[in-house]
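Working notes for the structure below.
Heads up: numbering here begins at 1 and tracks the sequence. What you are looking at is a predicted structure, and each value in this text was computed from that prediction instead of being measured. Note that ligands are numbered from 1 as they come in the structure, with each ligand's atoms numbered from 1 the same way.
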Amino acid sequence: MNFTVSESIEFSNNIIKSLANLKNKNIEIVVCPTFMSLPYCYQILSSFVKLGAQNISHTDHEYGSFTGEISAKMISDYAEYVILGHSERRIFLKEDNSIINTKRLFSIKNNIKPIVCIGESIDIRNSGKYIDFLKNQLKECIKSDYKDKIVAYEPVWAIGSGENCDLEKVKEISELTKSLLDNDALFIYGGSVNKDNIHSYLSSSGVDGVLIGSASLDKNSIEEMLNIIDANS
Ligand code: PGA
């Protein structure tokens with residue numbers, strides 16, 4: 001819930017130059033604004049990046065009487081990706097694994113690639129039962145087979161806390177994910193990723209990308225991260 005439409009437009013215009021200068025063609029950048037800003041960001045940024053949404057409706061309808069909902073079909077003019085099951089939605093909107101699996105199917109049906117978020121709370125991590133917990137999230141959120149399997153591992157305790165998860169722990173979950181789904185599944189890490197730690201994740205085998213929250217809201221920080229990506233390509 002960041003940026004009004006006019007702020008999104010201004011921000012998008014401000015980052016165009018850095019995106020246009022990016023020489024590393026091996027990296028795919030996806031910008032996921034709010035629903036309201038999505039069409040505007042698409043118009044400004046779609047020559048340089050892919051666009052994604054932060055959610056879709058859980059109802060299996062393209063259109064209909066679902067006041068306030070936005071379907072996968074409705075975002076499909078703009079979005080190539082959608083983030084599903086972010087822990088904030090699980091916590092505040094009570095989304096469970098079965099809803100996330102349902103949304104995943106609707107997004108696939110509408111040619112939108114789902115980025116499925118998983119992640120344990122600090123209590124579950126400390127209890128030592130996090131592997132079972134994450135296995136269960138993976139199994140229940142990704143029930144059907146489909147080529148584009150993208151999993152974002154976002155430990156709840158690392159999101160917005162400034163306390164990023166260390167690489168060894170991330171790699172453990174990457175191995176778990178790829179062994180449970182398949183080796184071609186893309187594994188992304190998210191949780192306090194910033195200009196100081198992005199390189200270590202992106203240069204690690206087993207980590208195919210990063211999901212960046214707070215650090216993506218600042219133009220200078222985006223520029224620095226793009227420079228790091230370019231310098232290490
Ligand atoms: P953060 O957020 O980068 O601010 O920790 C990540 C997220 O919201 O997924």
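The main-chain N or O of I75 is never found under 3.5 Å from a side-chain atom of N110 such that the two would form a donor-acceptor pair. For the pair H61 (side chain) and Y63 (backbone), a donor-acceptor distance under 3.5 Å is absent.
Protein heavy atom closest to atom 8 (O) of ligand 1, with residue, atom name and distance, is H86 NE2, 2.9 Å.
By the rule that hydrophobic residues join a cluster once side-chain heavy atoms approach within less than 4.5 Å of another member, Y189 and I122 end up as members of separate clusters.
Not a single heavy atom of G190 lies less than 4.0 angstrom from ligand 1. Within the 4.0 Å heavy-atom cutoff, G191 counts among the residues contacting ligand 1.
Checked by atom type, the side-chain pair Q54/H86 shows no donor-acceptor distance below 3.5 Å. Side-chain contact, N55 with K103: a donor N or O sits under 3.5 Å from an acceptor N or O.
Considering backbone and side-chain atoms alike, E88 places every N or O at 3.5 Å or more from each N or O of ligand 1. On a distance-only criterion, G213 and ligand 1 share at least one N/O pair closer than 3.5 Å.
The distance from ligand 1 to the heavy atoms of L211 drops below 4.0 Å at these ligand atoms: 9 (O). Heavy-atom proximity to S192, at under 4.0 Å, picks out these atoms of ligand 1: 1 (P), 3 (O), 5 (O). Listed by atom number, the atoms of ligand 1 under 4.0 Å from E154 heavy atoms are 6 (C), 7 (C), 9 (O).
When the options G160, S87, A158, S214 are ranked by their closest heavy atom to atom 4 (O) of ligand 1, first place goes to S214.
In this structure, the side chains of Y153 and C165 come closer than 4.5 Å at one or more pairs of heavy atoms.
I108 pairs by the side chain to side chain contact (heavy atoms under 4.5 Å, CB included) definition with R104, P114, Y146, not counting sequence neighbours.
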